[in-house]
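Accompanying notes for the structure given below.
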Amino acid sequence: MSRASGDRAFGDRASGDRAEAEGAYTAYVSTRLPALRRIAHLLCKDPHRADDVVQTALTKLYVHWNRARAADDLDRYVHTILVRCFLNEQRLGWARVVRLSGAPHETPGLPPVAGVPDIETRTVVHTALSRIPARQRAVLVLRFLCDLPVAEVAAVLGCSEGNVKSQTARGLARLRAQLGGQPIVPMPPVGKE
């Protein structure tokens, strides 16, 4: 990151203001990192790509920290950055590269969440979710894991509320088809544990 973008992120004020802003950024990232990684892992279906998406999102957050702090809801602002980073990465050709090694069952460093289905059920749901197109997956994760209302999901994805509703219906239908008609096990919203 260039000096100019760092100055833009924390202003050209006195070093005390800059230190305070950097402290607030560090505190926010430290507390929210597990939830951000969990969301990214559900979107990307690969913990390594998820970490890359989170890193990209946190870099963008750093550059625009003053604007983010002024937002009405900082978590929603960061979720928007994270989902847009994921969708932008999906458009790149390397995102479709086939992995030749197995993926770990758990994202490392995340504490277990009480009330979450067992590992086998999560693996089946994650596999089914990974076979759904990226935008539908993003809608499902934001609607049901982040517990966002339709209007906020539309704002995050930059589309209409009707589009979110149709993507939700199509995504759920595909998810049910992938699960072979098994009921979809509800998971607790991210950040509500």
Side-chain angles (χ1 to χ4, degrees), residues 29 32-61 63-64 68 71-99 103-104 106-107 110 113 116-117 121-179 184-193:
V29 170
R32 298 301 298 156
L33 187 60
L36 294 173
R37 289 182 69 206
R38 190 174 295 119
I39 293 167
H41 186 224
L42 291 169
L43 291 170
C44 296
K45 66 196 175 235
D46 172 9
H48 303 293
R49 280 188 52 220
D51 285 342
D52 290 344
V53 169
V54 169
Q55 183 62 44
T56 302
L58 292 179
T59 301
K60 290 183 181 200
L61 177 62
V63 171
H64 301 289
D72 292 334
D73 188 343
L74 181 57
D75 286 335
R76 299 292 190 248
Y77 189 93
V78 175
H79 288 164
T80 301
I81 292 172
L82 184 68
V83 170
R84 289 183 181 168
C85 287
F86 162 71
L87 291 173
N88 288 339
E89 183 193 71
Q90 284 297 112
R91 293 183 190 110
L92 300 176
W94 76 269
R96 293 176 186 85
V97 173
V98 176
R99 293 192 57 183
E106 300 275 335
T107 300
L110 294 183
V113 179
V116 174
T121 303
R122 284 191 293 177
T123 302
V124 169
V125 172
H126 284 188
T127 302
L129 196 57
S130 72
R131 294 180 178 146
I132 296 174
R135 270 190 87 83
Q136 289 176 4
R137 188 177 334 132
V139 167
L140 293 179
V141 167
L142 290 172
R143 288 278 292 127
F144 300 109
L145 261 21
C146 295
D147 202 27
L148 297 182
V150 172
E152 288 186 30
V153 174
V156 166
L157 296 176
C159 63
S160 69
E161 291 182 24
N163 192 338
V164 170
K165 292 175 186 177
S166 66
Q167 292 289 332
T168 301
R170 290 182 187 129
L172 287 174
R174 284 187 180 207
L175 189 59
R176 285 187 188 104
Q178 290 291 325
L179 294 173
I184 298 173
V185 179
M187 294 179 73
V190 174
K192 307 259 191 216
E193 57 269 359

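Because only heavy atoms are used, hydrogens play no part in the values below, and waters and symmetry mates are left out as well, while side chains stay in.
The salt bridge (charged side-chain N to carboxylate O under 4.0 Å, His left out) analysis of residues 152-174, with sequence neighbours excluded, yields the pairs R76-E152. Within the structure, salt bridge (charged side-chain N to carboxylate O under 4.0 Å, His left out) pairs that include any residue of residues 132-142 do not occur (at least two apart or interchain).
Within the 4.5 Å cutoff, the side chain of L43 has no heavy atoms near those of the V53 side chain. Under the 4.5 Å side-chain criterion, counting only non-hydrogen atoms from C-beta, Y77 is not in contact with D73. Inter-residue side-chain proximity for Q55 and K60 is flagged as unmet; no heavy-atom pair is nearer than 4.5 Å. In this structure, the side chains of L145 and I39 stay at 4.5 Å or more apart for every pair of heavy atoms.
Side chain of N88 to backbone of R84: a donor-acceptor contact under 3.5 angstrom is found.
Screening V139, V156, L148, L142 against V164 for a side chain to side chain contact (heavy atoms under 4.5 Å, CB included) leaves a single residue, V139.
Taken to the nearest 0.5 Å, the OG1 atom of T168 stands 5.5 Å off from the CZ atom of F144. With rounding to the nearest 0.5 angstrom, the OG atom of S130 is 11.0 Å from the CG atom of L42. Q178 contributes atom CD, which lies 5.5 Å from atom CZ of R131 (distance to the nearest 0.5 angstrom). Distance OG1/T56 to CG/D51: 10.5 Å, rounded to 0.5 Å. For the atom pair CG of D46 and NE2 of H41, the computed distance is 7.0 Å after rounding to the nearest 0.5 Å. Between atom CG of residue L82 and atom SG of residue C85 there is a gap of 7.0 Å, rounded to the nearest 0.5 Å.
Across A68 and L74, no two heavy atoms sit closer than the pair O-CD1, 3.4 Å. Shortest non-hydrogen contact noted between L87 and A138 is CD2-CB, 4.5 Å. The two residues E89 and C44 come nearest to each other via the heavy atoms OE1-SG, 4.5 Å.
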task: Kindly determine whether L58 and L33 satisfy side-chain contact (heavy atoms from CB on, under 4.5 Å), including the steps that lead there.
output: CA-CA 9 Å; L58 292 179; L33 187 60; 3.9 Å; yes
message: Could you walk me through whether R32 and D75 satisfy the side-chain contact (heavy atoms from CB on, under 4.5 Å) test, starting with their C-alpha distance in whole Å, then the side-chain angles of each, then the deciding distance to 0.1 Å, before giving a yes or no?
response: CA-CA 9 Å; R32 298 301 298 156; D75 286 335; 3.3 Å; yes
